[in-house]
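Okay, structure first, notes after.
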Amino acid sequence: MARVGVFICHCGTNISGAVDVARVVEAAQKMPMVVIASDNKYTCSEPGQASIRQAIVSNKLNRVVIAACSPRMHEPTFRKAVSAAGLNPYLLEIANIREQCSWVHSHDREKATAKAIELVKMAVAKVIRHEPLYPREVPVTKRALVIGGGITGIQAALDIANAGHEVVLLEQEPSIGGRMAQLDKTFPTLDCSACILTPKMVDVANHPKIRLLTYAEIKEVRGFVGNFKVEITQKARKVDYSKCTGCGTCWQKCPEKTPSEFDLGLGKRPSIYIPFAQAVPTKPVIDTDSCRYIKYRQWLAAGEQGKKPPECRICEKICPTGSIAWDQEPQTITEEFGAIVVATGFQVYDHRHYEEYGGGAYPDVISGMQLERLMNASGPTGGEIVRPSDGTHPKTVAFVCCVGSRDQAKGRTYCSKVCCMYTAKHAIMLKEHDPDVQCYIFYIDVRTGGKDYEEFYLRTLDDAGAIYIKGRPSKIYRDGKKMIVLGEDALMGRPIELAADLVVLATGMEPRTGADKLAQKLNISYNTYHFLVEAHPKLRPVETQTDGIFVAGACVGPRDIPESVAQGSAAAAKVAGLFSSDTLVTDPITSVVNRERCTGCLLCVAICPYKAIDCETTRDTRVVAVVNESLCKGCGLCVGACRPKAIDLRGFTSQQILEEVNSLWS
Amino acid sequence: MIETARYAYYPGCCSKASAKEYTATTRLVCKALGIELEESPDWICCGASSAHSIDRILGIALPAHELLYAGRMKLDLVASCALCFSRLKIAAAELKDDDVRKRVGEVLGQEIPGNPDYRVMHILQVLEKHLDRIHLEKPLKGLSVACYYGCLLGRPKEVAFDDAENPQVMDRVVAALGGEPVEWGFKAECCGGSHVFTRPDIVSKLSHRLLYQAKQAGADCLAVVCPVCHSNLDAMQKSIGKEYKEEVDLPAFYITQLVGLAAGLPPRKLMFEKLFVDPMRLLRAKGLA
Amino acid sequence: MISAQNTIRPRPHTTYRSFVEAHIRQSIAQCYQCGKCTAGCPVAYTMELTPRRVIRALQLGLENELENSSTMWICLSCLTCSARCPREINIAGVMEALRLATIGKKPTPDQKKFRLFHDLFIMSFQFSGRAYELGLGMAYNVMSGQFLNMASIIPGMLRRGKLAFLPHKSRGSETQHIFQRLEGQNKAMNQAEAGTK
């Protein structure tokens with residue numbers, strides 16, 4: 001026999017301001033199986049909880065209904081309180097009479113009270129059908145996977161490893177370092193980017209708890225928090241890393257030259273290459289798209305059609321350790337992890353989408369990242385800032401902010417956050433490189449939120465004498481040797497035509513190509529731009545809706561370096577917290593399959609957003625669905641989809657829901 | 001034997017006077033390519049840039065008159081003038097609105113069927129569609145052509161058939177003719193349009209910019225698809241040159257003249273003598289005349 | 001009362017603005033004043049109120065300034081502004097709406113010649129059905145006082161047979177009927193509107 005206690009909260013005046021609580025108490029006392037109904041000013045306060053505990057004991061209650069705020073707010077609190085009085089915490093039901101009643105019906109006390117009574121009535125009807133539920137424990141594999149070897153991933157990997165756990169750091173490019181490795185200086189301190197990054201890269205390479213997997217990609221992810229099983233594709237480097245010493249003879253002698261990705265096409269690299277001098281690992285890969293011998297082999301395989309490519313093989317001939325491995329193929333590695341940190345970062349928006357700015361056709365219209373490479377002493381020009389078209393030193397330089405940012409017409413409505421600051425840095429650096437340079441900066445708004453950022457921006461005015469022009473340019477075209485920027489000086493309200501030697505487009509940040517595909521494999525959400533979605537934008541910034549998978553850095557949204565590093569560390573702290581116990585407790589509110597009723601249509605398998613349902617064959621050789629309770633989030637989609645009604649959701653069974661609905665008619 | 005393609009054809013008001021050569025060569029080239037053009041005997045002005053500035057419904061009703069003709073004929077409607085094309089296609093889009101359709105129907109004195117699907121094409125699209133029919137008698141080898149599209153083929157995007165900033169259709173046609181389309185940044189910048197009456201200074205400035213940029217890009221000539229643009233760039237060229245104190249001398253062909261030339265149609269039928277800037281010296285230099 | 005003429009007193013909700021917004025089926029509030037419209041406008045250099053400032057004036061309700069400007073008539077309807085607007089506002093449509101809003105009102109001296117041109121253009125086909133370039137040009141030159149307008153090309157046009165001496169007529173007199181029926185419709189709508197008020 002159920003003995004139900006009902007506790008109604010005033011929530012200060014949040015509820016009692018719109019709902020006549022006394023009448024709700026009175027009505028609740030008359031509901032079936034209700035032994036006691038009382039109210040409280042703040043039920044969530046310690047005295048409020050104590051009164052519930054007391055009532056449970058003194059009235060021998062075995063079911064509890066709390067009519068208060070949303071269960072999202074205090075359900076865990078009240079479960080603990082019920083549990084402390086010796087009751088199974090799942091014998092509790094919450095009637096949300098705040099968000100779903102008093103707040104939305106504040107204008108009509110009469111109807112709000114009536115609705116509150118009905119919500120309580122439903123909760124009572126439901127709680128009578130509650131069964132005790134018991135959480136399960138699963139073991140935790142204390143080993144983390146960090147995806148992305150940029151500054152965020154590096155920071156996360158180091159912090160997790162320093163907390164004493166094994167880490168695999170996975171990077172799709174031949175070296176770790178990410179975008180930060182391409183930068184010349186960093187704002188607002190003008191630290192040399194490489195000088196502060198490369199020591200961390202070396203730390204990663206030397207850390208006994210970190211294993212580097214470069215030139216590798218995620219193939220498939222299965223499992224759940226504490227127990228992920230990840231298949232990784234190691235791309236073919238065509239170099240045997242167990243033999244290679246990184247002596248560098250091969251990449252110095254390779255005769256083939258192809259545009260360097262690292263230098264954004266401004267310089268060239270050989271076919272066997274490390275992306276940049278301080279690369280980690282300092283061992284090369286062979287780019288199969290440009291390598292002469294690989295092309296020769298393809299030509300042979302295709303039946304010797306067309307022109308015969310040279311049969312080069314110079315690297316192989318000169319390698320002192322015999323490391324060149326032409327027959328090396330991609331390999332699949334399977335690893336187990338307890339947690340995954342996604343730090344895949346960003347790429348620079350491709351300004352070829354701006355046809356009005358030349359669509360990438362003008363060599364002297366470059367991106368901010370290209371300017372970084374031109375300014376860098378180890379860049380393609382050895383740090384000489386010259387026009388890509390003719391190698392002359394530009395004297396008038398125009399900057400255009402918000403290219404690929406704040407532009408709905410280009411499908412990029414968001415602010416990329418870093419461009420105002422890096423453009424300020426560029427103006428200061430250009431003036432330092434050459435005092436004769438005059439910079440003009442076209443902007444819509446200058447945004448400098450960040451420690452010492454505004455002061456840094458002011459230096460572009462005080463020290464570098466840059467002229468800021470408010471107005472987004474509409475067109476860039478060539479006139480002789482000059483590039484003409486058509487803009488508006490919105491402060492004067494007049495059109496402006498600027499003849500520049502070099503135009504730098506402050507292109508925004510966008511997620512790496514393929515971030516969406518990776519998110520699908522990991523079963524985490526992404527937004528329309530393919531930025532990954534955090535569990536809560538303010539309070540859970542590095543968690544995702546999938547337990548055990550964390551996100552950090554610019555793959556979540558535009559971030560600068562300090563924020564990315566902080567997020568890397570934050571994700572590491574979350575991982576360390578997860579790894580602090582040997583087992584995990586899982587929520588018992590999960591689906592359960594009635595194997596006798598299941599017809600094996602497996603619609604539930606397809607519909608489950610958490611990949612929590614699998615199939616198995618029974619002894620009488622029928623195929624039936626089976627729920628992995630560790631993965632199930634209790635969303636109930638499968639219950640709705642199940643045609644033979646073989647699936648039910650614990651804590652929200654079909655019978656419980658029906659009782660709730662029926663109570664409204666009784 | 002190639003199959004005959006049939007279109008309803010809207011010549012536009014300039015066809016009878018300032019753009020005689022455009023209409024004539026359009027017909028000539030289409031005939032040579034086995035494309036039949038059906039002209040409505042009672043076509044009326046599309047309203048150009050005036051009607052829609054004076055009265056919204058008038059700006060739709062005038063072109064709608066022609067759309068209804070094409071609809072009755074069950075043919076796609078082709079215009080050679082870029083401005084007519086734009087007005088026709090915008091009207092076709094506006095007629096999807098029930099209220100507009102009702103009002104326009106009243107004004108035209110006939111009911112316009114619901115869910116109309118009036119397909120409007122520009123002659124460039126027709127030429128590109130039937131490119132394979134052009135038999136190259138005289139490829140435009142060595143002729144650098146700056147293709148000038150004007151404002152209205154790539155804008156607004158609801159009616160555009162090419163990129164707003166860097167359209168390509170005409171470049172593809174010129175390339176197919178053996179000519180060399182030049183890369184330049186002013187394919188779709190305005191020439192000043194009908195301001196030639198009210199603010200000729202604007203036309204001088206804008207058209208000069210176009211001519212100068214085309215020349216700088218290394219063009220021998222311009223290819224044009226709109227009578228208004230053509231008159232600004234060709235007829236006005238000399239006075240623009242005087243105003244800016246520089247000799248421009250950049251022949252401006254209608255695209256249909258170039259197609260006709262490459263297809264080996266007799267030069268006297270291509271009406272080069274109607275052009276203000278004499279193209280014969282250029283054509284002779286390139287061995288095309 | 002002393003009033004500083006330069007001081008703006010915002011009136012963000014005007015029927016004038018509503019008329020414009022209804023015409024473009026968009027809200028002017030979307031504009032964040034980046035200036036790309038003005039930057040790319042081929043005639044902004046000769047406007048006293050540039051496209052961005054037109055939108056701003058609409059946002060603030062500066063109706064008089066808009067009505068007295070000739071920006072909307074200088075506008076070439078080339079649609080560059082609309083095509084490049086990062087907020088995808090149909091600015092050329094705004095100009096069209098502002099032109100329509102001036103119809104029936106007395107033109108300012110600067111607006112006069114533009115209005116004259118459009119009126120004459122329409123007259124040139126209202127009766128014959130098709131626009132008549134020579135007649136339009138001559139009438140415009142005489143009535144605007146710009147007698148020598150395009151004089152340099154007229155002999156060349158004549159020599160090349162590019163000017164017809166007489167208007168070309170469409171078969172039937174359809175345009176006349178269109179204008180009559182339109183007038184009737186507009187009258188009926190105005191009466192209906194007056195009736196509801």
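Proteins get letters first, then strands, A, B, ... in listed order; numbering begins at 1 in each. Not measured: the values here are computed from a predicted model.
Heavy atoms of other residues, nucleotides or ligands lying less than 6.0 angstrom from NZ of A:K395 number more than 12.
Among residues two or more places apart in sequence or in another chain, the ring-ring contact (aromatic ring centres under 6.0 Å, His included) test is passed with A:H530 by A:Y526. Residues passing the ring-ring contact (aromatic ring centres under 6.0 Å, His included) test with A:Y453 are A:F187, sequence neighbours excluded. Judged as a ring-ring contact (aromatic ring centres under 6.0 Å, His included), and not counting sequence neighbours, the contacts of A:Y422 are A:H426.
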Are there any donor-acceptor pairs closer than 3.5 angstrom between chain A and chain C, and if so, which ones?
from	atom 1	to	atom 2	distance (Å)
A:E356	OE2	C:K36	NZ	2.7
A:R406	O	C:Y32	OH	2.4
A:Q408	N	C:P86	O	3.0
A:Q408	OE1	C:R87	NH1	2.8
A:Q408	NE2	C:R87	O	3.4
A:Q408	NE2	C:E88	OE1	3.0
A:A409	N	C:P86	O	3.1
A:R472	N	C:C34	O	2.7
A:R472	NH2	C:Y32	OH	2.9
A:S474	O	C:R84	NH1	3.2
A:S474	OG	C:G40	N	3.4
A:S474	OG	C:R84	NH1	2.6
A:E488	OE1	C:R52	NE	2.7
A:E488	OE2	C:R52	NE	3.1
A:E488	OE2	C:R52	NH2	3.0
A:A490	O	C:R52	NH2	2.9

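Taking all atoms of both residues into account, the shortest heavy-atom contact from A:A409 to C:C85 is CB-O, 3.5 Å.
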